[in-house]
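Worksheet: one structure, shown below.
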Amino acid sequence: MDQDHLKNAKNATRRIGRLRSLGIVTAGAAALVAGIAAYKKQDQLVRTFVMPAVRLLPAETSHQLAVLACKYRVCPVSQYEDEQNLHTPFFGRMLSNPIGIAAGFDKNAEAVGGLQDLGFGFIEVGTVTPVAQEGNPKPRVFRLAEEKAIINRYGFNSEGHQAVLQRLRLLRSKEDFNGVVGVNLGRNKSTMSPIADYVQGVRVFGPVADYLVINVSSPNTKGLRDMQTKDKLRELLEEVNDTRSSLDKNKNVPIFLKLSPDLSLDDMKDIVWVIKRKKSRVDGLIVSNTTVSRDQIESSKLAEEAGGLSGPPLKSLSTVMIAQMYQLTDGKVPIIGVGGIATGSDAYEKIEAGASYVQVYTALVYEGPALVENIKAELSALITQQGYTNVADVVGTNCKFYLAKK
Ligand SMILES: Cc1cc2nc3c(=O)[nH]c(=O)nc-3n(C[C@H](O)[C@H](O)[C@H](O)COP(=O)(O)O)c2cc1C
């Protein structure tokens with residue numbers, strides 16, 4: 001009897017192994033077809049056949065494949081000039097459109113060229129930690145296919161400052177590269193001094209970045225989000241500001257603070273008090289990171305998985321928070337709005353709530369590379385339809401509507 005059990009178990013394991021290999025081969029072939037189809041600009045083929053096949057792979061493997069495709073530039077190259085009404089200023093630079101790729105896709109700055117090819121107006125790399133670290137054990141990324149959402153608990157897997165710095169230096173040395181690249185900074189899991197980790201990030205990446213992000217809002221590093229509390233944040237941002245002013249090069253590199261969507265209104269008021277002080281000011285906010293709330297996905301089998309939830313279930317939470325921060329800062333602090341954007345009209349909502357720029361991540365996983373062009377086309381048309389000449393004119397125009405949704 002025991003022997004039969006053992007035999008059955010062995011057979012089952014073999015069958016699962018074969019199925020998994022078949023899945024990997026299928027998805028590998030799909031990735032190849034994706035590259036070729038993308039190269040030939042067959043967006044429909046990519047969306048209908050390739051993306052579903054790639055999604056047969058474990059989520060982290062698909063992520064790695066996507067980064068590789070961007071790294072080796074077998075992803076589609078945007079064929080269109082961005083419409084004039086999408087051009088928008090960014091701290092002395094001009095973005096040809098306000099749509100960026102959010103942090104966490106290109107954690108180690110390997111894929112910047114390919115991401116620019118897709119048509120993004122700016123690119124954020126990271127989160128980067130001072131010393132290389134592996135992050136949490138796998139599996140640590142989960143697709144909630146029905147909700148088109150993701151739960152991730154990567155836990156800042158990073159190749160560390162030096163590896164990322166070298167890639168960015170190489171990029172900057174290329175004459176044909178003039179993209180806007182931000183670096184999202186984090187701390188090591190077992191650091192002795194969290195503040196020193198961020199300070200080091202500012203020192204290392206200040207000279208090569210177009211903007212820096214102080215990320216104190218990831219839910220996957222214990223104690224990280226406590227740094228959003230008033231006194232800790234004040235201390236952190238004072239040191240960050242001091243370090244920036246001591247840089248030899250790029251002394252005015254803009255600094256953004258990335259916030260969690262799970263903050264209360266009182267927490268937000270404390271944060272605004274801190275960032276209005278000259279010594280602990282920031283140049284912009286990113287609203288928001290992923291949520292630990294499961295209110296929007298109660299019936300999902302994966303709701304119990306620990307980690308940050310992103311995609312459509314996060315959309316309204318982050319839009320309302322954008323409106324709140326826009327109001328609390330009197331519209332004087334530029335906001336990058338992120339959370340659940342999958343269409344041009346989602347982007348428009350974030351902008352009319354108070355965002356000057358937007359970012360996407362999760363929708364790219366479900367919709368594939370054509371997403372960027374689709375969002376831009378729809379956003380540009382909406383701006384014209386609503387009677388505005390430029391995206392900048394839309395910022396905050398409907399803030400009150402979203403405040404009322406709270
Ligand atoms: C798989 C995954 C990894 C992420 N990693 C990071 C990260 O390293 N640093 C960070 O600031 N945000 C990270 N994020 C959060 C995104 O930057 C973004 O704030 C969030 O996903 C909401 O946008 P979305 O709904 O368009 O995905 C990650 C998100 C996902 C889905």
Side-chain angles (χ1 to χ4, degrees), residues 58-64 66-67 99-109 115 120 122-129 133 135-136 138-144 147-159 164 182-187 189 198 201 211-221 224-225 227-228 256-262 285-293 296-297 305 307-319 321-322 335-343 346-347 349-350 355 357-367 371-372 375:
E60 185 162 347
T61 313
S62 313
H63 179 189
Q64 286 164 343
V67 171
I99 324 288
I101 173 79
F105 177 80
D106 188 9
K107 286 178 183 275
N108 296 303
L115 287 166
F120 283 110
F122 64 107
I123 287 146
E124 189 170 313
V125 301
T127 295
V128 194
T129 58
Q133 64 175 31
N136 289 324
K138 295 177 190 173
R140 50 194 180 174
V141 199
F142 306 88
R143 293 188 202 96
L144 287 70
E147 293 83 1
K148 293 197 167 184
I150 287 179
I151 291 177
N152 93 83
R153 51 168 180 270
Y154 267 116
F156 289 170
N157 49 322
S158 170
E159 289 183 18
V164 174
V183 181
N184 180 305
L185 304 172
R187 48 155 271 217
K189 183 180 174 186
Y198 289 98
Y211 70 97
L212 296 173
V213 182
I214 304 298
N215 178 10
V216 281
S217 48
S218 164
N220 304 314
T221 296
L224 188 89
R225 287 177 306 159
M227 294 181 87
Q228 292 173 114
F256 280 74
L257 178 66
K258 184 164 181 178
L259 297 173
S260 156
D262 303 321
L285 294 168
I286 304 188
V287 182
S288 71
N289 214 315
T290 53
T291 178
V292 292
S293 162
Q296 303 296 316
I297 56 157
E305 289 293 348
L309 172 67
S310 57
L314 170 65
K315 188 172 107 173
S316 155
L317 191 62
S318 79
T319 310
M321 187 173 165
I322 290 166
I335 297 172
I336 299 178
V338 50
I341 296 175
T343 63
D346 296 338
E349 282 182 16
K350 292 274 194 273
Y357 317 97
V358 295
Q359 289 177 326
V360 297
Y361 185 164
T362 301
L364 194 62
V365 172
Y366 288 96
E367 306 301 327
L371 176 84
V372 193
I375 291 180

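Values in this document were obtained by computation on a predicted structure and should not be read as measured data. One-based numbering, in listed order, for ligands and for the atoms of each.
- Taking distance alone, with nitrogen or oxygen atoms compared against 3.5 Å, G340 approaches ligand 1 more closely than that limit.
- At a 3.5 angstrom cut-off on N or O pairs, T127 counts as close to ligand 1.
- Minimum interatomic distance between V338 and I322 (heavy atoms only, all atoms of both residues): N-CD1, 4.4 Å.
- Between F105 and Y361 the shortest heavy-atom distance is N-CE1, 3.4 Å.
- In terms of N/O distances under 3.5 Å, ligand 1 is not approached by L314.
- Close approach to G104 involves these atoms of ligand 1, each under 4.0 Å from a residue heavy atom: 4 (C), 5 (N), 6 (C), 7 (C), 8 (O).
- Looking at V213 against ligand 1, nothing comes within 4.0 Å, counting heavy atoms.
- D346 and A342 get closest at one heavy-atom pair: OD2-N, 2.8 Å.
- Residue nearest to atom 28 (C) of ligand 1, selected from G126, S310, A103: A103 (by heavy-atom distance).
- Counting heavy atoms under 4.0 Å from ligand 1, residue K315 does not touch it at all.
- In this structure, S288 is part of the shell of residues with a heavy atom less than 4.0 angstrom from ligand 1.
- Within ligand 1, the atoms closer than 4.0 Å to a non-hydrogen atom of N184 are 10 (C), 11 (O), numbered from 1 in the order shown.
- Looking only at heavy atoms of the protein, atom 20 (C) of ligand 1 is closest to T290 CG2, 3.9 Å.
- At a heavy-atom distance under 4.0 Å, atoms from both the backbone and the side chain of T362 approach ligand 1.
- Backbone and side-chain nitrogen or oxygen atoms of N152 are examined, and none is located within less than 3.5 angstrom of a nitrogen or oxygen of ligand 1.
- Residue-ligand proximity, K107 to ligand 1, at heavy-atom distances under 4.0 Å covers atoms 5 (N), 7 (C), 8 (O).
- With Y198 contributing its side chain and N215 its backbone, the two residues share a donor-acceptor pair below 3.5 Å.
- Residue G311 has at least one heavy-atom neighbour below 4.0 Å for each of these atoms of ligand 1: 25 (O).
- For ligand 1, the atoms sitting less than 4.0 Å from at least one non-hydrogen atom of V360 are 26 (O), numbered in the order shown with element in parentheses.
- The backbone N or O of K189 sits less than 3.5 Å from a side-chain atom of Q133, completing a donor-acceptor pair.
- If you number the atoms of ligand 1 from 1 as listed, the ones under 4.0 Å from a heavy atom of V338 come out as 18 (C), 19 (O), 22 (C), 23 (O).
- Interatomic distance, CG of L144 versus CD1 of I151, reported as 5.0 Å (0.5 Å rounding).
- Between the S158 side chain and the T129 main chain, a donor and an acceptor come within less than 3.5 Å of each other.
- Residue contact check for ligand 1: S218 places no non-hydrogen atom closer than 4.0 Å to it.
- Contact annotation for K258 and ligand 1: only side-chain heavy atoms (C-beta onward) come within less than 4.0 Å of the ligand.
- With a heavy-atom cut-off of 4.0 Å, Y154 touches ligand 1 through its side chain alone.
- Distances from ligand 1 to the non-hydrogen atoms of A363 include no value under 4.0 Å.
- I101 approaches F120 most closely through the heavy-atom pair N-CD2, 3.5 Å.
- Contacts between N215 and ligand 1, counted as non-hydrogen atom pairs separated by less than 4.0 Å, involve the side chain only.
- Checked by atom type and distance alone, the side chain of K350 pairs as donor or acceptor with a backbone atom of G339 at under 3.5 Å.
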